[in-house]
Amino acid sequence: MNSTSKNAENKTVNNPGIAAKFIILSLIGIFVFFVPIRAGGASTIPVEFLVSFLISSFKPVVRLYALTVILIAAVLPFIRKTWKKDALTTVFTFSKILGAVFTVIVFSGFGPEPIIRADHGPFLFEALVIQVGVLLPIGSIFLTCLMNYGFIDFIGQFLRPIMRTIWKTPGRSAVDAAASFMGGNAIGLMLTNEMYKNQRY
């Protein structure tokens, strides 16, 4: 390695701005996903508390938002002309269309009784669609604090022997596993998906 490369590397390592970002943003990510708090007499984590607060405070807006996202997802493959890219994409595209139809039925309250009865369609829409629909964008914002500023790799270096030996996974998967345990399946799936797309798995 020449002296220029060494100087650039040392400058990066010793840059106080980078160190501050690592510490501050990692602490934000840790707090949001891993620190238990008490809310309404129950134990939860900040990201789930924020999601619950938004849903309860802005229910009509959140319901309309969820419907809009589903409708856009159904028509987007046709606008982008990607719906027949391969067999799997085609199947998913028509599944989205079917989901959009069911969502419109549930949202309007008019349709076949097996769909609109309270413990079927409306229950799934309120308990699953809205919850995940609000959690994903908010969770994605805070996930950057864990993924993009060195925390997940920093922890991975220490826990690599344990994760490799017991579960045959990379050390950075320790944060993934902890987020899944603390924040539920949706957070775990979102973090795993981001790790996979960024070729860290």
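What you see is a predicted model, and the numbers here were worked out from it, not measured in a lab. Throughout, residue positions are numbered sequentially from 1 according to the sequence presented.
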Sub-4.5 Å side-chain heavy-atom contact between Pro170 and Met163: no
Nearest heavy-atom neighbours spanning Leu25 and Cys145: O-CB, 3.1 Å
Heavy-atom side-chain proximity of Ile116 to Ile105 below 4.5 angstrom: yes
Exercise: do Asp176 and Ser173 side chains pair donor with acceptor under 3.5 Å: no
Distance flag, aromatic centroids of Phe125 and Phe102, threshold under 6.0 Å: no
Lys96 to Pro77 - nearest heavy-atom pair and separation: NZ-CG, 4.4 Å
Distance, nearest 0.5 Å, that separates CE of Met195 from CG of Leu146: 10.0 Å
Heavy-atom pair with the smallest gap, counting every atom of Leu64 and Phe107: N-CE1, 4.1 Å
Atom pair CG/CD1 of Leu124 and Ile115 - distance to nearest 0.5 Å: 11.5 Å
Whether Thr144 side chain and Ile141 backbone form a donor-acceptor pair below 3.5 Å: yes
Cluster overlap Leu98 with Val75, hydrophobic side-chain contacts below 4.5 Å: no
Heavy-atom closest contact (Phe151 atom, Ser26 atom, distance): CB-OG, 3.2 Å
Contact summary for Glu126 and Ile130, nearest pair of heavy atoms: OE1-CD1, 3.5 Å
Aromatic ring pairing Phe158/Phe154, orientation class (parallel under 30°, perpendicular over 60°, tilted between): perpendicular
Whether Thr89 side chain and Lys85 backbone form a donor-acceptor pair below 3.5 Å: no
Side-chain touch Leu128/Phe123, heavy atoms, less than 4.5 angstrom: no
Val61 with Leu54, same ILVMFWY side-chain cluster at under 4.5 Å: yes
Closest approach of Phe49 to Ile37 (non-hydrogen atoms, all atoms of both residues): CB-CD1, 4.0 Å
The single option from Ile55, Leu67, Val51 passing side-chain contact (heavy atoms from CB on, under 4.5 Å) against Val62: Ile55
Cluster check Leu191, Trp167: I/L/V/M/F/W/Y, side chain < 4.5 angstrom: yes
Under the salt bridge (Lys or Arg N to Asp or Glu O under 4.0 Å) test, residues paired with Arg164 that sit two or more places apart: none
Euclidean distance, Leu159 CG relative to Thr169 OG1, rounded to 0.5 Å: 10.0 Å
Cluster overlap Leu76 with Ile70, hydrophobic side-chain contacts below 4.5 Å: no
pair Val69-Tyr65: side-chain heavy atoms closer than 4.5 Å: yes
CD-CG distance between Glu48 and Leu50, expressed to the nearest 0.5 angstrom: 11.0 Å
Side-chain (Arg117) to main-chain (His120) donor-acceptor, under 3.5 angstrom: no
Neighbour count >12 (heavy atoms, 6.0 Å) for atom CZ, Phe53: no
Side chain to side chain contact (heavy atoms under 4.5 Å, CB included) assessment of Leu143 paired with Phe33: CA-CA 9 Å; Leu143 273 181; Phe33 289 105; 3.9 Å; yes
Separation of Ile97 CD1 from Phe78 CZ (nearest 0.5 Å): 3.5 Å
Partners meeting side chain to side chain donor-acceptor pair (under 3.5 Å) with Gln131 (sequence neighbours left out): none
Same apolar cluster: Trp83 and Ile72, side chain cutoff 4.5 Å: no
Euclidean distance, Thr103 OG1 relative to Arg63 CZ, rounded to 0.5 Å: 10.5 Å
